[in-house]
Amino acid sequence: NHLGARMMLPRVDHWERLLAAAIDTARAKPFVWGVHDCPTFAFEVRMILIGGEDVAALWRGRYTTALGGARVMRRLGWASLEAMGRALLGEPRAAVLLAQRGDVVLGDSGLGFGICTGARAIGMTPEGLVTVPLTSCRLAWSV
């Protein structure tokens with residue numbers, strides 16, 4: 001299939017409202033490594049939008065620093081955030097600008113994993129929830 005190795009899962013009913021609510025909830029929560037950080041935020045939003053499994057359970061609560069996160073990632077077999085995205089989500093879209101609202105994105109700098117909100121992406125950083133132009137992301141996966 002030209003969209004990637006994995007079939008796109010259908011989104012749940014009212015996913016747009018759920019996306020807005022997930023972003024509002026994330027905005028109110030502080031950044032915590034391994035609990036409320038970039039991959040945890042992005043993959044929890046994805047789970048909410050498709051009603052899928054909680055893949056963030058693989059790493060949630062297993063580290064408390066960036067270095068600890070890198071160690072857990074390596075233990076899970078991922079050498080990079082890109083490798084993690086490919087392992088969990090399949091092949092990314094052909095171009096990041098093809099991302100649709102709710103898709104998981106990977107930022108170039110400052111933003112790890114995030115969620116496409118249109119022409120922008122939103123993600124969790126140590127400074128809190130940030131919004132960046134979609135053009136500052138390098139990969140996007142269909143949700």
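In this structure, H36 and F41 have perpendicular ring planes: the angle between them is above 60°, well past the 30° mark.
For R11 and E16, the salt-bridge test fails: no basic side-chain N is under 4.0 Å from an acidic carboxylate O. The pair R46-D103 does not count as a salt bridge, with every side-chain nitrogen at least 4.0 angstrom from each carboxylate oxygen.
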(request) Could you give me the CA-CA distance, side-chain angles and deciding distance for D54 and R60, then say whether side-chain contact (heavy atoms from CB on, under 4.5 Å) is met? (result) CA-CA 10 Å; D54 180 13; R60 187 183 301 105; 2.9 Å; yes

(request) Show your reasoning for whether side-chain contact (heavy atoms from CB on, under 4.5 Å) applies to T64 and V35. (result) CA-CA 8 Å; T64 57; V35 177; over 6 Å; no

(request) Go through W59 and M84 one step at a time and tell me if the side-chain contact (heavy atoms from CB on, under 4.5 Å) criterion holds. (result) CA-CA 11 Å; W59 62 84; M84 178 182 179; 3.3 Å; yes

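V32 and L129 fall into different hydrophobic clusters, where Ile, Leu, Val, Met, Phe, Trp and Tyr are joined by side-chain heavy atoms under 4.5 Å apart, directly or via other members. By the rule that hydrophobic residues join a cluster once side-chain heavy atoms approach within less than 4.5 Å of another member, L139 and V104 end up as members of one cluster. Residues L81 and V132 are members of separate hydrophobic clusters, defined by side-chain heavy-atom contacts under 4.5 angstrom among Ile, Leu, Val, Met, Phe, Trp and Tyr. Placement of L76 and L106 within a single hydrophobic cluster is found when ILVMFWY residues are connected by side-chain heavy-atom separations under 4.5 Å, directly or transitively. No chain of hydrophobic side-chain contacts below 4.5 Å, direct or via other Ile, Leu, Val, Met, Phe, Trp or Tyr residues, connects V105 to W141.
Interatomic distance, CD1 of I48 versus CZ of F43, reported as 13.5 Å (0.5 Å rounding). Between the OG1 atom in T117 and the CG atom in L134 there is a gap of 8.0 Å [rounded to 0.5 Å]. Of the inter-residue distances, the one linking Q100 atom CD with S142 atom OG reads 7.5 Å to the nearest 0.5 angstrom. A distance of 11.0 Å separates CZ of R138 from CG of L111, quoted to the nearest 0.5 Å. A distance of 12.5 Å separates CD1 in I50 from CG in L18, rounded to the nearest 0.5 Å. For the atom pair CD1 (I23) and CD1 (I122), the distance works out to 4.5 Å, reported to the nearest 0.5 Å.
Formation of a donor-acceptor pair under 3.5 Å by the T25 side chain with backbone atoms of A21 is found in this model. Put simply, the side chain of R71 never gets that close to the backbone of L67: no donor and acceptor are under 3.5 Å apart.
Put simply, the side chain of V12 does not reach to within 4.5 Å of the side chain of L49, judged on heavy atoms. For the pair L97/T135, a side-chain contact is recorded, criterion being any heavy-atom separation below 4.5 Å from C-beta on.
Residue V96 comes nearest to C137 through the heavy atom pair CG1-O, 3.5 Å, listed as atom of the first residue, atom of the second, then distance. The two residues C38 and M124 have their closest heavy-atom pair at CB-O, 3.4 Å. Of all heavy-atom pairs between A42 and I115, the closest is O-CD1, 3.6 Å. For the pair G34 and Y63, the tightest heavy-atom approach, listed with the atom from each and the gap, is N-CE1, 3.1 Å.
Evaluation of the ring pair (Phe, Tyr, Trp, His ring centres under 6.0 Å) rule for W15 yields no partner, not counting sequence neighbours. Applying the ring pair (Phe, Tyr, Trp, His ring centres under 6.0 Å) criterion to W78, with sequence neighbours excluded, gives no partner residue.
Clustering of Ile, Leu, Val, Met, Phe, Trp and Tyr side chains at separations under 4.5 Å leaves M47 isolated, with no partner residue.
Using modelled atom types, one finds a donor on one side chain and an acceptor on the other under 3.5 Å when comparing E127 with T125.
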